[in-house]
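Residue numbering restarts at 1 for every chain, and letters A, B, ... go by the order of the sequence lines. For clarity, every value in this text was computed on a predicted model and none was experimentally measured.
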Amino acid sequence: MIANTLTVILVLAGLVFFAAGTAGLLRFPDVYSRLHALTKADNVGLGLVILGLMFQAGGPADILKLILIWVLVLAAGTTAAHMVAQRTWTHGEFESDR
Amino acid sequence: MNGLAELAHTLAPGLLYPTGGAILFAMGLYGLIRRHHLVLRILALNIMGSGVFMVLLGVAARGEGPPDPVAQALTLTGIVVAVSATAFALALVVHLTRLTGHAVMLPGPPDDDAPVEDISREEHHADGGPAAPHPDQDRNP
Amino acid sequence: MSLLLVIFDLVLLAGIIGVAWRCLASTDLFRAVVLFITFGLLLALAWVRLEAPDIALAEAAIGAGITGALLLVTLERLRSIMAERHSGRPHTPPPDPSGPHALLRALHDPPPERHSFFPALIFALVVGSLLVTALWHQPQSTGLEPVVDAHMDVSGVDHPITAVLLNFRAYDTFLELAIVLIALLGAWSLGRHDLIPARPAPGPILPGTLRLLVPVAIVTGVYVLWAGSHAPGGAFQAGAILGAAGILLVLARPRQLPMAPGIPLRLGITAGVALFLLVGLYGLGAGHGFLGYADAWAYPLIILIEVAATLSIALTLVALFVAGRPAGDDA
Amino acid sequence: MSAFYLAAALFLLATILLGLIRVLRGPGSGDRMLAAQLFGTTGVTILLLLSMALGESALVDVALVFALLAVVAAVAFVRQHGLPEPPDTPVHRQHPEDRGPRDDR
């Protein structure tokens, strides 16, 4: 019961971050601030959801798999954000209107 | 209300998705006819293929019990073939662009007599602006 | 619960159709490609809803790892070819004052002419409604599921899709591997590849990510291959994952790798088809028919073929991504 | 409990569809790529939630593959500058700083 409650709370908190990331993606004025908004969804949103789902996991293997997914998404999100920012910095924000 | 939901649920995967697949197929066909850039045509073909996969899997998921593994296996081979064919088609587009200077399939009857050099020159003309029509592109035949 | 599922299905389908529509209507090719990547993601969710986790796995590996990179790199190739043609190389006309538009033409497609609107629309509508009518009138049936289920104990594996792919309908899989090989031969016949040059990574982040991702991808590929005998997974999915890892290496390697030598590369690429053919001929000789196995030998033979097929698919996908015969290969 | 997971997945699906506005509007290709990256993460989360809702543990593997390969498209997007053209390309494009004139957009 406690596990279920914790799961619900953590997943809901994660959803808030996803909503915030999407709102930032839509509302913020330039690439850098959008990037800032959506890495929160990547890192914290998925992190909270995974933390919540861990309480329902069947065994240590499942928990490890969930942690691995989170680590991979962290790495992917960091790399992608870094590289997109760098490319925008060197090539200009609107170079791509092609 | 609940009965309606149950009915909708039993129908859903078996009817909803094949219908969606048919719509995707028709949309891909429409895009294939209407668009001229070859990369877009390849995307349209892929969307048609996805429509076919959706029909196959939707029909496989119909009825009671587990879905039909034969249709799923067929789709699995289909996806791998589709990605290889896409890669080959994209390589062909790149090659064509290298030879002729454009990756656009022009509307109108093919101009068989035009040598390659001429095609590239025409392309060059047409580059006056993206909105400028090709000289050989007859808007009102 | 079931109402929620129906709503989920409806929203998902609406999203898939809407994304496909915007993708096909896009004048900007880069936007079309990003929409197509999103389309693949949503499709994977649809396959999940259709109880096809195997297909979702393949779609994840191919959609996320291969198609997107392939399309983006193709756009860049087109753009650079167009740019070079207009930068005044010999054999091309002198640069045009309005040259930059040439770049736009490479990656833009103007909206189609009006006169093709109605014929195309009517044609698509007719085909679509015929399909929908046929599907709605198709009788409900369980398909071949009971037949497959009844023969699972002689298949050598515990996962019905693997049993179908590598035992009951091994012919399909054999020919499918041959088609993948032929696609590669076609791409190689176009000439040598133009490989993305190796460049030092700008900063420590990309090499660090590579160091994490590539080993994990290899382990995941082997895990998915192993899982295929009893759960969703198998040679195609594993090959796609390993191929995507190879594509990542091709894209991001910081220094030139030693070129894959011709003969081992060719052996690896043909391993799947060759081994399949050998096993098939052996079955023919042993009296089980082409591609038939003795029951006791089914499991080891399937594993053998799957390992070879995984290797071939991964290598072929990377080679198709690179497009063109390896440089410095005069064989 | 599974209704909760399903509702959460539905919510995330809605955020993807909303985020598509950014892909459609752009304006830069960086914006579009970032949106696709966010969709990838959201897709992983939806898959995890669906795996709980439908009781399909295999979906965790699908999510794992998505998470693993999420970076490939972004790397392809960034590392494409300076693709050499025909095979006789000299080595001068090996460094990002000496880009040819054609990159001067």
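In this structure, C/A60 and D/V65 approach most closely via the heavy-atom pair CB-CG1, 3.9 Å. Closest approach of D/L17 and C/G15 over heavy atoms only: CD2-CA, 3.7 Å. Contact detail for C/P53 and D/V62: the closest heavy-atom pair is O-CG2, 4.0 Å.
Side-chain contact between D/L68 and C/V216: present, with at least one pair of heavy atoms (C-beta onward) separated by less than 4.5 Å. The shortest side-chain heavy-atom distance between D/V72 and C/I66 does not fall under the 4.5 Å cut-off. Between D/V23 and C/V19 there is no side-chain heavy-atom pair separated by less than 4.5 Å. C/I247 places none of its side-chain heavy atoms less than 4.5 Å from the side chain of D/V75. Inter-residue side-chain proximity for C/F8 and D/L50 is flagged as met; some heavy-atom pair is nearer than 4.5 Å.
Using a 4.5 Å cut-off between heavy atoms, C/R31 contacts chain D through both its backbone and its side chain. Looking at C/A227, there are no atoms closer than 4.5 Å to chain D (heavy atoms on both sides), in backbone or side chain. Using a 4.5 Å cut-off between heavy atoms, D/L24 touches chain C through backbone and side chain atoms alike. Heavy atoms closer than 4.5 Å to chain D are found nowhere in C/A231, neither backbone nor side chain. The contact between D/A7 and chain C is made by backbone and side chain atoms together, counting heavy-atom distances below 4.5 Å. Both the backbone and the side chain of D/L10 come within contact range of chain C, each with at least one heavy atom under 4.5 Å from a heavy atom of that chain. Within the 4.5 angstrom heavy-atom criterion, only side-chain atoms of C/L42, from C-beta onward, approach chain D. Using a 4.5 Å cut-off between heavy atoms, D/A9 contacts chain C through both its backbone and its side chain.
The candidate with the highest count of non-hydrogen atom pairs below 4.5 Å against chain D, out of C/A245, C/G233, C/A61, C/G68, is C/A61. The most heavy-atom pairs under 4.5 Å with chain D, out of C/G221, C/P232, C/A217, come from C/A217.
A distance of 8.5 Å separates CD1 of C/I241 from CG of D/D61, quoted to the nearest 0.5 Å. Rounding to the nearest 0.5 Å gives a distance of 4.5 Å between CD1 of C/I37 and CE of D/M33. To the nearest 0.5 Å, atoms CZ (D/F39) and CG (C/L35) are separated by 8.5 Å. In this structure, the separation between OG1 on C/T220 and CG on D/L64 is 5.0 Å, given to the nearest 0.5 Å. Atoms CG and CG, from D/L6 and C/L5 in turn, are 4.5 Å apart once rounded to the nearest 0.5 Å.
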Given D/F66 and C/L41, is the side chain to side chain contact (heavy atoms under 4.5 Å, CB included) satisfied, shown in steps?
CA-CA 9 Å; D/F66 260 120; C/L41 176 76; 3.5 Å; yes

